[in-house]
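Below you'll find the structure, written out as structure tokens, and then a few comments.
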Amino acid sequence: MSGPTGIDALLERVRGGYRRIAPGEAYDAAEAGKALLVDIRYAALRERDGVIPGALVVERNELEWRLDPQGSHHLPEATSHDVRVVVVCNEGYASTLAAESLHRLGLHRATDLIGGFQAWRAAGLPVTAPDQ
């Protein structure tokens with residue numbers, strides 16, 4: 001009998017199931033209208049660090065309900081299971097598990113941003129400053 005998986009092994013296994021996306025590629029895809037950036041960071045992080053212009057903000061605990069195109073509470077942007085969703089968390093860990101959850105709902109093109117918002121910002125990509 002094997003022991004518990006552990007989070008590092010779980011992340012490695014989940015990440016092996018799809019191709020993650022780097023900040024520059026995510027930016028290009030979003031700018032071209034080929035990807036929907038979804039920021040799942042909690043409000044305190046968005047207030048502290050700012051947001052990605054044009055990203056859809058969906059709290060992690062509402063993600064599946066808001067992005068399932070068959071769900072009664074889906075957002076207008078959740079038009080089909082073919083939407084390419086790029087989940088953004090703070091550093092690229094929680095977004096991995098969120099992307100896997102979206103895959104389970106049939107959003108087969110869902111992925112997550114390598115390094116999360118912090119990598120986006122470090123790459124010098126657009127960020128709307130938090131209100132001062």
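This chain uses plain numbering: 1 for the first residue, then up along the sequence. Remember, predicted model here, so these are calculated numbers, not experimental data. Note that these values count all heavy atoms, side chains included, but never hydrogens, waters or copies made by symmetry.
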Quick check on the hydrophobic clustering: are L37 and V51 connected, directly or via other members, by side-chain heavy-atom contacts under 4.5 Å?
no

Hey, is the main chain of P69 close enough, under 3.5 Å, to the side chain of H81 for a donor-acceptor pair?
no

Does R48, at its CZ atom, have more than 12 non-hydrogen atoms belonging to other residues, nucleotides or ligands within less than 6.0 Å?
yes

To the closest 0.5 Å, what do you measure between CG (N90) and CG (L45)?
4.5 Å

Look at atom OH of Y93 and say whether more than 12 heavy atoms of other residues, nucleotides or ligands are closer to it than 6.0 Å.
no

Is there a continuous path of hydrophobic side-chain contacts, each under 4.5 Å between heavy atoms, that joins L102 to L75?
yes

Is there a side-chain contact between L67 and L105 (heavy atoms, below 4.5 Å)?
no

side-chain hydrogen bond (donor to acceptor under 3.5 Å, both in side chains) against N61, all qualifying residues, sequence neighbours excluded:
none

Between D82 and H108, what is the shortest heavy-atom contact and its length?
OD1-NE2, 2.6 Å

In the structure I gave you, are the side-chain heavy atoms of Y18 and H103 within less than 4.5 Å of one another anywhere?
yes

Could you give me the CA-CA distance, side-chain angles and deciding distance for E91 and R41, then say whether salt bridge (Lys or Arg N to Asp or Glu O under 4.0 Å) is met?
CA-CA 10 Å; E91 295 182 340; R41 294 174 303 139; over 6 Å; no

Give the cluster check for L63 versus L56: same hydrophobic cluster or not, with ILVMFWY residues linked at side-chain heavy-atom distances below 4.5 Å.
yes

Could you go through the side chain to side chain contact (heavy atoms under 4.5 Å, CB included) check for W120 and V88 one step at a time?
CA-CA 9 Å; W120 177 280; V88 180; 6.0 Å; no

Before accepting this row, confirm whether a basic side-chain N of the pair K34/E25 lies closer than 4.0 Å to the acidic partner's carboxylate O.
no

One pair to check against side chain to side chain contact (heavy atoms under 4.5 Å, CB included): V85 and R109. What are the steps and the verdict?
CA-CA 7 Å; V85 174; R109 298 180 67 207; over 6 Å; no

For D49, check salt bridge (Lys or Arg N to Asp or Glu O under 4.0 Å) against everything at least two apart and list the hits.
R121

Determine yes or no for a side-chain-to-main-chain donor-acceptor pair under 3.5 angstrom, with H73 supplying the side chain and E62 the backbone.
no

Regarding R60 and the six-membered ring of Y42, is the cationic atom NZ or CZ under 6.0 Å from the ring centre and inside 45° of its axis?
no

Before you tell me yes or no, could you show the steps for R20 and T111 under side chain to side chain donor-acceptor pair (under 3.5 Å), namely the whole-Å CA-CA distance, both residues' side-chain angles and the distance that decides it to 0.1 Å?
CA-CA 6 Å; R20 301 177 78 211; T111 187; over 6 Å; no

Which distance, rounded to the nearest 0.5 Å, do you find between the CD of E100 and the CG of L97?
6.5 Å

Step by step, work out the side chain to side chain contact (heavy atoms under 4.5 Å, CB included) result for L107 and R84.
CA-CA 8 Å; L107 292 155; R84 184 179 188 196; over 6 Å; no

Would you mind telling me which of L11, L113, I114, V87 makes a side chain to side chain contact (heavy atoms under 4.5 Å, CB included) with T96?
L11

On a heavy-atom basis, which atom in G92 and which in D112 lie closest, and how many Å separate them?
O-OD2, 3.8 Å

Identify the two heavy atoms, one from C89 and one from A94, that lie closest to each other, and give their separation to 0.1 Å.
SG-N, 3.6 Å

Once rounded to the nearest 0.5 Å, what's the spacing between atom CD of E12 and atom OG1 of T5?
11.5 Å

Y27 and P126, any side-chain heavy atoms less than 4.5 Å apart
yes

Hydrophobic clusters here meaning ILVMFWY residues chained together by side-chain heavy-atom distances under 4.5 Å, can you tell me if I40 and L36 are in one?
yes

